[in-house]
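Remarks on the structure that follows.
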Amino acid sequence: GSVNMKTEQILLALEIGKCGSISKAASNLFMAQPNASSSLALLEQEIGYQIFERTYNGMQVTKQGEAFLRYAHAIERNMKKIYMLSEEDTRVRLSVATYAYPFSERAFTKFCTTYIDTAHSLKCKLRKIGTIREGIELLDQGLVDVSVITCRQELYGQFEKEFRRDGLSSEVLAHPTLQVVLSEKHPLAGKETVDLEDYVDYPCISNEGLANNFAPPEIEKLLKEVKLHVMVEPGEARFKLLENLNSFVICTPYQKKELKRHHLVGRNIPNSNRNLILLMKEEDKHDQQIQRYVTLLKEEIAVWKEEIE
């Protein structure tokens, strides 16, 4: 039959899904609560099933409701795209959010270089992020096409559920371990095995993401206990700070030649395996330009794996 579902109802359901309460959703959308309640009731009547279960703890999503919200997400994102069509005819568009990884950047550079001479117009953007949250939110808001993020291996299962719920497709690209990187002349450089408790009295350098990014418990404990903690993204500034022979970095492994060039050593931290994750919107999985970037990214990750081993 014909469907009379309105955009406002879809957005209302998404908002209730986000905050778990009709009154809160209504106030976020500047609606009167009775209008919101009747709008939801009409929508559920229209589609023939309940999206939410009304409970003492607020609105709980039903099984069918989960699927509804997934499709609703896609509708909301595609609506944004419909409005964006008016902006201009940008032939090549790619926006990537990524942690500061050399492989993401190299793949992005190669992508742009491929198209720079042939495209009628090119609009590409690389955004550095430091947390999973940012990666998910930027995709949700339609601000990026792809996020390259990382999480502790044992937490991947719970994140995967969240990705699916948000209508995102995820793929694990690699399993990097975290390392302690320090000067060859650091007092602990001679120790092959890393015991993080030894490092408490030395200046620690990490990126911001590590501190609030579900690091393994031992690392979280260390970050709380170190007296000197400098947060700085990978780059020259970090190498400059490592010239202080007592400081150390906790990070994804550097390429061997980088370590050599700066007279550094890298030591694996036990039990710190991570999943490197590629995230994109479910409906973008077959987008040619995104797939072109993904192919380049996988090639660059393979090169990087060889460079760190």
Side-chain angles (χ1 to χ4, degrees), residues 7 10-11 13-20 28 61 65-85 87 90 92-101 103-105 107-108 111-112 122-152 155-174 207-210 212-214 233 252 274-298 300-301:
T7 316
I10 292 173
L11 297 176
L14 283 169
E15 195 59 40
I16 296 170
K18 257 193 220 125
C19 51
N28 289 352
V61 186
E66 273 181 24
F68 175 91
L69 292 178
R70 251 203 320 279
Y71 292 129
H73 259 297
I75 292 170
E76 181 192 24
R77 283 197 294 253
N78 286 322
M79 273 162 46
K80 284 180 185 156
K81 285 183 187 166
I82 288 169
Y83 287 113
M84 277 159 64
L85 288 175
E87 284 177 14
T90 317
V92 176
R93 252 185 85 248
L94 178 76
S95 186
V96 176
T98 175
Y99 284 41
Y101 291 134
F103 40 83
S104 313
E105 292 178 25
F108 180 79
F111 178 91
C112 297
L122 180 78
K123 203 176 187 181
C124 295
K125 196 183 202 170
L126 183 73
R127 297 174 73 136
K128 296 275 181 66
I129 54 171
T131 63
I132 294 189
R133 250 336 114 233
E134 287 171 275
I136 295 174
E137 278 165 15
L138 288 168
L139 277 169
D140 256 351
Q141 293 158 5
L143 294 174
V144 298
D145 304 307
V146 174
S147 287
V148 182
I149 55 178
T150 184
C151 77
R152 255 167 69 194
L155 294 180
Y156 179 64
Q158 88 191 41
F159 277 115
E160 199 184 14
K161 280 198 191 87
E162 187 177 334
F163 300 150
R164 274 208 302 272
R165 201 182 62 226
D166 287 347
L168 300 176
S169 148
S170 65
E171 183 185 348
V172 178
L173 300 176
N207 59 13
E208 192 183 356
L210 193 62
N212 47 22
N213 209 16
F214 314 102
E233 295 307 313
T252 306
R274 302 172 83 62
N275 278 0
L276 181 71
I277 306 160
L278 172 72
L279 267 190
M280 68 183 76
K281 296 165 224 128
E282 196 62 59
E283 67 268 24
D284 283 347
K285 269 188 1 198
H286 305 293
D287 180 294
Q288 267 182 313
Q289 287 168 18
I290 292 176
Q291 284 314 318
R292 174 91 191 107
Y293 175 73
V294 171
T295 305
L296 291 167
L297 179 65
K298 288 178 177 173
E300 289 300 335
I301 287 173

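When reading the values below, keep in mind they use all heavy atoms of this one structure, side chains included, and skip hydrogens, waters and symmetry mates. Everything numeric here is computed off the predicted structure, so don't read it as measured data.
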Q | side-chain contact (heavy atoms from CB on, under 4.5 Å) between Arg127 and Val96, intermediate numbers included | A | CA-CA 6 Å; Arg127 297 174 73 136; Val96 176; over 6 Å; no
Q.
Run the salt bridge (charged side-chain N to carboxylate O under 4.0 Å, His left out) test on Glu160 and Arg165 for me, step by step, so that the C-alpha distance in whole Å, both residues' side-chain angles and the decisive distance to 0.1 Å come before the verdict.
A. CA-CA 9 Å; Glu160 199 184 14; Arg165 201 182 62 226; over 6 Å; no
**Q.** From CA spacing to verdict: side-chain contact (heavy atoms from CB on, under 4.5 Å), Leu297, Ser104
**A.** CA-CA 6 Å; Leu297 179 65; Ser104 313; 4.2 Å; yes
Q.
Pair Glu134, Thr131 - check side-chain contact (heavy atoms from CB on, under 4.5 Å), show working.
A. CA-CA 6 Å; Glu134 287 171 275; Thr131 63; 3.0 Å; yes
Q: Kindly indicate, with the supporting measurements, whether the criterion side-chain contact (heavy atoms from CB on, under 4.5 Å) is fulfilled by Cys112 and Tyr293.
A: CA-CA 9 Å; Cys112 297; Tyr293 175 73; over 6 Å; no
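Ser147 places a side-chain N or O within donor-acceptor distance of the main-chain N or O of Gly135, the cut-off being under 3.5 Å. No donor-acceptor pair under 3.5 Å is formed between the side chain of Glu162 and the backbone N or O of Gln158. Without hydrogens or angle criteria, Asp287 side chain to Ile290 main chain gives a donor-acceptor distance under 3.5 Å. Looking only at distances, no side-chain donor or acceptor of Glu171 sits under 3.5 Å from a matching main-chain atom of Ile277.
Counting heavy atoms from C-beta on, the side chains of Leu276 and Val172 never come closer than 4.5 Å. The side-chain heavy atoms of Cys19 and Asn28, taken from C-beta on, include a pair separated by under 4.5 Å. By the 4.5 Å heavy-atom criterion applied to side chains, Asn275 and Thr150 are not counted as neighbours. At least one side-chain heavy atom of Ile136 sits less than 4.5 Å from a side-chain heavy atom of Phe163. Looking only at side-chain heavy atoms (C-beta outward), Leu279 and Val146 stay at 4.5 Å or farther from each other. The side-chain heavy atoms of Phe108 and Cys124, taken from C-beta on, include a pair separated by under 4.5 Å. Residues Lys281 and Asp145 are in side-chain contact: their nearest non-hydrogen atoms beyond the backbone lie under 4.5 Å apart.
Atom CD1 of Ile129 and atom CD of Glu137 lie 10.5 Å apart (nearest 0.5 Å). Once rounded to the nearest 0.5 Å, the distance linking CG of Leu173 with CG of Leu278 reads 5.0 Å. For the atom pair CG of Leu14 and NZ of Lys18, the computed distance is 6.5 Å after rounding to the nearest 0.5 Å. Going from atom OH of Tyr99 over to atom CZ of Arg274 covers 7.0 Å, rounded to the nearest 0.5 Å. Expressed to the nearest 0.5 Å, how far NZ of Lys161 lies from CG of Asp166 amounts to 14.0 Å. Summarising the geometry, atom CD1 belonging to Ile10 is positioned 10.5 Å from atom CG belonging to Leu69; distances are rounded to the nearest 0.5 Å.
When the ring pair (Phe, Tyr, Trp, His ring centres under 6.0 Å) test is applied to Phe103, the partners found at least two apart in sequence or on another chain are Tyr101, Trp304. Legend: residues meeting salt bridge (charged side-chain N to carboxylate O under 4.0 Å, His left out) with Glu66, ordered by chain and number and at least two apart, are Lys63. Residues satisfying the salt bridge (charged side-chain N to carboxylate O under 4.0 Å, His left out) test with Glu76, not counting sequence neighbours, are none. With sequence neighbours excluded, no residue forms a salt bridge (charged side-chain N to carboxylate O under 4.0 Å, His left out) with Lys125. Scored by the ring pair (Phe, Tyr, Trp, His ring centres under 6.0 Å) test, Tyr156 finds no partners at all (sequence neighbours excluded). With sequence neighbours excluded, the residues that form a salt bridge (charged side-chain N to carboxylate O under 4.0 Å, His left out) with Glu300 are Arg106, Lys110.
For the pair Leu138 and Ala97, the tightest heavy-atom approach, listed with the atom from each and the gap, is CD1-CB, 3.9 Å. Here the closest heavy-atom approach between residue Ser95 and residue Leu143 is recorded as OG-O, 3.1 Å. A pairwise comparison of heavy atoms in Lys285 and Met280 identifies CA-SD, 3.9 Å as the closest pair. Residues Cys151 and Ile132 approach most closely at CB-CD1, 3.3 Å, considering heavy atoms.
Ion pairing between Lys128 and Glu105 holds under the 4.0 Å rule for side-chain N and carboxylate O.
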